[in-house]
Each structure stands twice: as C-alpha cells, then as structure tokens.
There are 4 protein chains.
Amino acid sequence: MSAGDARSRKRAPGAAYDPRMAERPDPNDHPPRRSFIERARRAQIVEAATQVVAELGYAGTSLARIAEKAEISKSVITYHFENKDEILRLVVSQFFERGWERMSGHVEAESTASGQVRAWIGSQLEFYAEHRAEFLAMSQIMANHRTPEGSPAFAGELTEEVDALTEILQRGQRDGEFRDFDARGVATIILRCADGVLGSWAVDDSTRLVDQIPALLDFVDHAIRR
Amino acid sequence: MSAGDARSRKRAPGAAYDPRMAERPDPNDHPPRRSFIERARRAQIVEAATQVVAELGYAGTSLARIAEKAEISKSVITYHFENKDEILRLVVSQFFERGWERMSGHVEAESTASGQVRAWIGSQLEFYAEHRAEFLAMSQIMANHRTPEGSPAFAGELTEEVDALTEILQRGQRDGEFRDFDARGVATIILRCADGVLGSWAVDDSTRLVDQIPALLDFVDHAIRR
Amino acid sequence: MSAGDARSRKRAPGAAYDPRMAERPDPNDHPPRRSFIERARRAQIVEAATQVVAELGYAGTSLARIAEKAEISKSVITYHFENKDEILRLVVSQFFERGWERMSGHVEAESTASGQVRAWIGSQLEFYAEHRAEFLAMSQIMANHRTPEGSPAFAGELTEEVDALTEILQRGQRDGEFRDFDARGVATIILRCADGVLGSWAVDDSTRLVDQIPALLDFVDHAIRR
Amino acid sequence: MSAGDARSRKRAPGAAYDPRMAERPDPNDHPPRRSFIERARRAQIVEAATQVVAELGYAGTSLARIAEKAEISKSVITYHFENKDEILRLVVSQFFERGWERMSGHVEAESTASGQVRAWIGSQLEFYAEHRAEFLAMSQIMANHRTPEGSPAFAGELTEEVDALTEILQRGQRDGEFRDFDARGVATIILRCADGVLGSWAVDDSTRLVDQIPALLDFVDHAIRR
DNA sequence: CATGAATGAGTCTTCATTCAT
DNA sequence: GATGAATGAAGACTCATTCAT
C-alpha cells in the first residue's frame, strides 16, 4: 500500500515559505489519506527513529533498534513505511517544517533588516535548543544520508535558505543599516556560523546553548553593522 | 547541516605534543618499534582509509573497501592494525598533527593578537582547502565515530583549541586591539564560524574555499575589533 | 531450456469434465454458491494474477503485486481465496478449460486421423498465440508450482492428453494413413514438439508463432505419414 | 576479494565451440587464479546448488538451503561467490560446457548431414539422461532466472545453437539428403522437439528417456529425409 | 610478514497469512 | 463484503574479526 508517499514539505499556511525545503513535487499527486491509527504509528516511529539517531548516531541506527525503542515489532515499521529512507527523510523534513514555522513568525514581526537577522538567528537557536534530540538527529542524517547511488542525499538543500538571508542583508545595505560586503558570501558565513555554534553544543552539551545566543547575536551585529 | 561541524582539534600552540591524539599506547609499555615495511604498510592503509571515508562516508567505509582501494588483501589490514577503530583514529590524528604543524608557524610569526587570529583562521582554511579528502574524512569520522558503548568517540576534544584562541583574544583585549566581550564565548564562535564555512564547502565543492577566506577574515575582524 | 516445457493438459476429447483441474473441492461437500460480486472479484483477481506471473515470472509473483495490478487491497485477495495456491491453480485450470473448448471443436470436425492431428496442433497453437500472457503464466506455474512438501504440483497431469492423441494415432495406423511406429511414444513426441516451439516463442516473442504453425504441421505430417 | 570473477565460458580445447554459450568477454581480463581449496569449495557449492534446484525448484532454492545441502555455513557460500546469481549461472554454463564437450565429438565423427543430426540429438539426450539433476536444475534456472531489472537472464542464449544446426540441415539439402524445407525453422523445431521430450521426462521420470531416443531419431529422420 | 578461509551477528526488505473490526 | 493492522519467518547480503598456515 501507499507507494510513493514520501510526502509533506508543505508550507505552513500563511507562513512565507520554508526556503530549506525545496518543493519537490510528488509524482502521484494524490496525498495518501491516512487513518488515525496509521498517523499515530508513523509519528511514534519517526519519534523513535529521532531518538535512536540522536543517541546512537546515523551509523548505529537500524530498524531493529528503532523498533526496540518504540517497543514494537520490526515488521510494524516496514508495514507503515516504504523504506528506512522514508523515515529518515521525515525526521529531517519535520524538523525543518516545525523550525521554520517558529522562525518565520519572529522574522516577519521585525521591520528592520538587522532586526530580522537577529530574529532569524535568535529564534533558530532557541528552537534548536528546545529540540536537542531532533537537532542532533537531523544533523547526523544530513551529514550521512546518501542516495542509493552513493551521493549525499541532502546536498544543496540549503541554498534557498541562503537566498532568503541574502535578500535581507541586501535590503539592510540599501537602507544603510549594514556596511558594504558581499551579501551572499556573508549570508553563508552567518548561517554556517550559527550551525557551527550549534555543532559545538551538539557534541558537548555542557555549554548551555541559550546562554551563548546573546554573544552570537552581538558578534554578528558588530560584524555586519555599518 | 554542518557536515563539517566536527573538526579542528589540534595542539595548543607551543605545546609539544598531545598524547590523546597519539596512537593508543601499547599495553606492553614499550612503544612499538616498527620496521620500515610495517610503517609503509600502515601509511598506505591509513591513506586508503582516508580516501574511502571521503568518498563513501563513514557508514560506507568497511575494511573490505579499504583493502580494495589499497589493492591489498583484507588480512593485511587486520595484520597491521588492531582494529578498524585504530585506523580511523589515525586518520583523524594525523590530519590534525600535520594541520597544526602548518598553522603554528603562521600564528607564531605574528606579533599582534589580531594578526594571530587572522593567521589562525587563514592558515587553517588554506590547509584544509589543500587537503580536501583528508578534511572530509576527518569530518566524517569525528561526527560519527563512537565508542563500543555508543557515545561519541571524539566528544570534548576541542577544549584545548578553544583555550589557545581564548588566550590570544584576551591578550588582544588587554592590548586594546579588541573590544570588550566574553573571550571564551567568542573564541568558540570564531572557531565554529570557520567550521561552518568549511561545512558548506564540504557539501558543495563548487564554492572555491580559498576565495571565501578573505570574506571570513573581514567578517571576524569587524566582529571583534574595537 | 523449455520455458514452456510444462503445459497442455486438457480434457480428453469427449470426456466431460476433469475433476482434477476443478477448483479444490469444498470440505463441506456442497459446492460453493457464489454471489455475482464474489464471482466478479475472483475473476478479476485471477486475471491480475495471470498478468503478474506473465510479466514477472513465478518467483516474482506475490500477493502484494497481484493486489497492486488489480488495484485492490491485499486483504481482498485473502478474503476471496483460501490461498495463493488456489489462485495459481485457477490460472492454470481456466486456461486449459478454455483452450480445450476451442480445440475440441476443431478436432471433432475432422474425419481423418491426420486431419485430427493437424487440427489438434494447429488449433492449440493458434489459441496459445492469441493468449500469450495466459500461456506464459500457465507455463511458469506448471514449471514451478510445488506442493508444500516441495514436489512439483502439476506432475503427471499430462497422461490424459497423451492417451487421447495416442488413440487418434492408432486409428490412423489402422486406417493405413500413418506408418508403423509406437503410437504412445510418438504421441508424446508430437505433443512435446508443439511445446518446444511454444517454448521458443515464450522466450522470444519476435518469432511470430502463427507463421511457424504450417512448418510444424508439415514437419509432423512427414514424420508420421506412411 | 575476487571481484568480477564470473568466469569460465571457455571453449573446451580442441572442441569446435559451444554455440549455446555466447562469448561474453570478461571486462577484468585476468582470470582469477584460485587455490586448490577454493576450487574444491566452489565445485562443492555449485554441486549442492544443482541438487537443491533440481529437488526444490528455482523458487525453492535459497542460499540457506544450499548451505544445508553442502553441510557448510551460509557464510562460506557468500565468501566464495560474489552472488547467488554467480552460482546459478555456473550451474547452467558448466552443464552446457560439459554437454557440448560430449556432443561435439559425436557430431564431428559423422560425415553425412543426417548422421550429424542423429548424432546431435542422440548424444544430447544421452548426456542429459545421464545427468538428470543437472538437467533439471539448468531447465529451472533458464526458465526462471532474471536480471535485476526483471528481464529473463537467459533469453536468446540459444540462437547460436540454432545457427549451427541450420548449417547442417542446409548442407544436407545441398547434398540431396534432405527434402526441401525452411532450414532455420526446422532447426528450431528439431531442437525444441528434443527439449520437449526432455521436458516430459523431467516432469515424470517414469518414462525411461534412453528408450525414447530411437523413437525420436526415427521421427525426425522421417520428417526431414527426402 | 602475509593471507586465505571461515563465521556469527547483523543489515534491510519481502512475504503469506491471521485477526479484529 | 471488505480491509487495515500486525507479524514471524525467511530472503540475500555485508561486515569485523578470528584462526591456522
């Protein structure tokens, strides 16, 4: 049943749109209509998968261990999902969807470019700090997941995000808020900067992430302000 | 995100030699005296392992594939190494050793704190750019390698690096070069910033890393300068 | 060789109805009285099974794929049929029933023995040529289907057919149409001959089966005629 | 080890050449040099596979069952062979190689075309009769084995055989031994005829194959003789 | 110094069937 | 009359490691 339902990736209604999740149109256009039980099971399994990846890493994640964590039989997983791949992609896409839902509100609430940059970084880090396991899992999967042919499965998934931030930076330059720099290059640096801080927190959770947010905001602010 | 979020650990400048990065000590305390052939074989195998990890990722790396790449029999590997673990740790430690060899020279040649910061970031990125495969391999291993119990094998390996950069920043503040900020926090941010840029390059090699170095240096400069 | 080496069994001409080819008898002796819907569903499923076996081969045929082909849920199949076995047997028996319906008319219309032989071979091959998928499916199932214990499920199903053709050949010998030979042995050979030609057509449908019929008739004619 | 050693298919030295086994050149041209043990193990496994396929059919043949039959662990099989596919192909190719080795001698010993036809059919059937299990296995594999993409793995493998027999028939026609007919069509029929008789014996071994050989030779003789 | 052979645990996935609704 | 959910057994294959030579 339910072939090709690698699905979702819908924009949050009203929300601008999630630049991280490029629209990849489903060939079978009818989205699978799932029963209550099915939806619950799928959620349960994705949740279990998230935890396992976060704890044991990408390479240590097997269907057997996901089943164990969810306290179900392995067959239940293969019944509700096409693939291990499908599960892993859902872990990633759901995280981004929810993250962007949160961020977009904060970003749009700001009027100035610098306010939007701060809102972007701040709300992103806040969201991640609140969902550490999900973030770790997403990180692991993005860094490791490959297509059957062997190339990274999530390469270039991030360019739209860079585009969006670049636009904000350019507006800030036009408005005289920011100094002169290559907007696209700096957009990359900022995003990667945040990723990096996240990364250190991912490896070593002794650093309280939320405490580092103001420092990072301040750092970026000085770096780009006129 | 952050395929390259793990990375960087190297000797504190001036410090002689980090025993943690050394090959694991021989249980019989006399350090292994290796023949010429032995050393050659080990180097060849570590080199092959590096390439395989870079190409196929951590999860795609098996002894069989390393053997294939090195054009030797699998048994040669298990003869010369205790473990798969031993090989992977060597890939990481050798990369850091060589990287720091390069960097320390550049850093120590500078007299001002800001010069040292620039030398640090610049020479690090240059070195990585010249050794992409090694960098990718190191990244993958640091992000994925685990102890038999399942916890990250390279957690908390980064503190010395942070310590060293913190010292430089503090000196810069005392000398009036840098503005006021939490030196340790910013040290982390700077290092992670570089990581982040590396991460984007790791995923997508179309971005010419060396071209981005000046932008990053400029970015950091503005962020910390008085 | 001989993708089509299994095949052919049908009612002896004149004989009413072969119970061995019938659906397996209901344990409670009253024959199943099926509703219109039930009969339609069963037909639909058997038809889908036929197509799947023809396309994917015996080993590639699963209930899941039959359901997919019929665009129904897998449970519909298990509701209407006892078994996978029951479906496969029906594919075979229905093909033979319909085939013999066609052949018997042609054979009985002939008065001479040699005419009957020609009618037999000719109409058989014609029928098969018109129902390639059904023929392929039947072939695959006869060649592969096994009892739960592992022995061929359709062994020894061919004797009646041989008997019937043997009778015709013997009559031809008595009437002086055919030369002297072991009638039973030659009956087997003739039937297998047709099988063989079918087999080559099964593997490679570029050979237009109908074009080969005259050659085969000619071949057999020369072989047995006085 | 030993990648790409799907190998063999060499002509028997001196023997004409086996038309059934089209030369499919090995990309890695160096044939694997196997140890005594390796050759013995491979032979043992192929032999076990042959028996399992003959007894349980293509669909009933699993590596587990082959291992059981050979009284070895399943891993031994995957150590010595790349693939299940490799084993199955060997079962087929070895059978043809050996069969042709036998047949070619008999065929070439004859001077007349009709003698060669008789030698062909006779020695083929004799050989098959002496190696029933191998024949059954080969039959099952040829009828069922598919490429990963789903198309029959052994389609069109037989055309060269038809070519060779066609040549003989044409010579017979030129020499006035045979009557006028479409040589290629009849070659197909004759080969398929033999296959068919074999097929009936395959299903039901009560018929003593060797006893049927003279009848078949006689049948074919009458069919094609002037 | 080197390696061929072996193997048990574990990988994902497919499958026919059962059961409750 | 229909079906969604569940499942254990089995499928081929990969892997790191051990051992004897």
Side-chain angles (χ1 to χ4, degrees), chain A residues 1-2 33-38 40-42 59-67 72-87 148, chain B residues 34-38 40-41 59-67 72-87 148, chain C residues 34-38 40-41 59-67 72-87 148, chain D residues 1-2 33-38 40-42 59-67 72-87 148:
Chain A
M1 117 194 4
S2 67
R33 203 159 293 287
R34 299 191 207 286
S35 74
F36 170 74
I37 286 189
E38 168 120 46
R41 271 281 194 238
R42 284 174 64 95
T61 298
S62 68
L63 294 190
R65 265 196 280 241
I66 295 174
I72 54 180
S73 122
K74 214 173 40 173
S75 306
V76 179
I77 299 181
T78 59
Y79 173 69
H80 287 284
F81 291 91
E82 202 80 353
N83 254 351
K84 192 187 181 185
D85 175 274
E86 191 192 352
I87 303 174
Chain B
R34 302 191 206 284
S35 74
F36 171 74
I37 287 188
E38 170 112 45
R41 273 289 197 223
T61 298
S62 69
L63 293 190
R65 276 204 263 248
I66 295 173
I72 56 179
S73 128
K74 215 170 45 171
S75 306
V76 180
I77 299 179
T78 55
Y79 176 71
H80 287 284
F81 292 91
E82 198 77 3
N83 252 349
K84 192 186 182 186
D85 175 273
E86 192 191 351
I87 304 173
Chain C
R34 303 192 206 282
S35 74
F36 170 73
I37 287 188
E38 169 113 46
R41 272 287 197 224
T61 298
S62 68
L63 294 190
R65 276 204 262 250
I66 295 172
I72 56 179
S73 129
K74 214 171 44 172
S75 306
V76 179
I77 299 180
T78 55
Y79 176 71
H80 287 285
F81 291 91
E82 198 77 2
N83 252 349
K84 192 188 182 185
D85 175 272
E86 191 191 352
I87 303 172
Chain D
M1 116 193 4
S2 68
R33 204 159 291 288
R34 298 190 208 286
S35 74
F36 171 74
I37 288 189
E38 168 120 47
R41 271 282 194 239
R42 284 174 64 94
T61 298
S62 68
L63 293 189
R65 263 192 285 239
I66 295 174
I72 55 179
S73 121
K74 216 172 37 173
S75 307
V76 179
I77 299 181
T78 59
Y79 172 70
H80 287 284
F81 291 91
E82 201 81 353
N83 254 350
K84 192 188 181 186
D85 175 274
E86 191 192 352
I87 303 174

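All values below come from the heavy atoms of this structure, side chains included, with hydrogens, waters and symmetry mates left out. Note that the structure is predicted; figures quoted are calculated from it, not measured. Every chain is numbered from 1 and lettered A, B, ... according to where its sequence line falls, protein lines coming before strand lines.
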Could you grab the distance from atom CD1 of Ile87(A) to atom CD1 of Ile66(A), nearest 0.5 Å is fine?
5.0 Å

Looking at dG10(E), which nucleotide sits across from it as a Watson-Crick or G-U wobble partner, both distances under 3.5 angstrom, or is there none?
dC13(F)

Does OP1 or OP2 of dA6(F) have a side-chain N or O of His80(A) closer than 4.0 Å?
yes

Considering non-hydrogen atoms only, spot the tightest contact between Ala59(B) and Ala59(A) and give its length.
CB-CB, 4.3 Å

Given DNA chain F, 5'-ward residue of the pair Ser73(A) and Ser35(C), judged by closest heavy atom:
Ser35(C)

From CD1 of Ile87(B) across to C1' of dA16(F) the rounded distance in Å is 11 Å

Donor-acceptor under 3.5 Å (Glu38(A) side chain, Arg34(A) main chain):
no

Pairs under 3.5 Å (N/O, protein and nucleotides 11-14 of chain F):
residue: dG11(F); atom: OP1; partner: Ser62(D); partner atom: OG; Å: 3.1
residue: dA12(F); atom: OP1; partner: Leu63(D); partner atom: N; Å: 3.4
residue: dA12(F); atom: OP1; partner: Lys84(D); partner atom: NZ; Å: 2.9
residue: dA12(F); atom: OP2; partner: Leu63(D); partner atom: N; Å: 3.1
residue: dC13(F); atom: OP1; partner: Asn83(D); partner atom: OD1; Å: 3.2
residue: dC13(F); atom: OP2; partner: Lys84(D); partner atom: N; Å: 3.1

Taking the side chain of Val76(A) as its heavy atoms from C-beta onward, which of dT3(F), dT7(E), dA6(F) lies nearest to it?
dA6(F)

Phosphate OP1/OP2 of dA2(F): any Tyr79(C) side-chain N/O under 4.0 Å
no

Scanning both residues in full, the closest heavy-atom pair of Lys84(A) with Leu63(A) reads CG-CD2, 3.8 Å

Within this structure, what is the CD1-to-C1' distance between Ile72(B) and dC1(E), rounded to whole angstrom?
13 Å

Presence of Arg41(D) side-chain N/O under 4.0 Å of dA6(E) phosphate oxygens OP1/OP2:
yes

For the NE2 atom of His80(A) and the CD1 atom of Ile37(A), what is their distance to the nearest 0.5 Å?
8.0 Å

Quick check: does any side chain N or O of Arg42(D) sit under 3.5 Å from a backbone N or O of Phe81(D), one acting as donor and the other as acceptor?
no

Nearest-Å distance for atom pair CD1/P, residues Ile77(C) and dA5(F)
18 Å

Partner nucleotide of dT21(E) by Watson-Crick or wobble geometry (both distances under 3.5 Å)
dA2(F)

To the nearest angstrom, how far is Phe81(A) atom CZ from dA5(F) atom P?
12 Å

Rounding to a whole Å, what distance do you find between Ile37(D):CD1 and dA5(E):P?
6 Å

Expected output: side-chain Arg41(B) to main-chain Val76(B) donor-acceptor under 3.5 Å
no

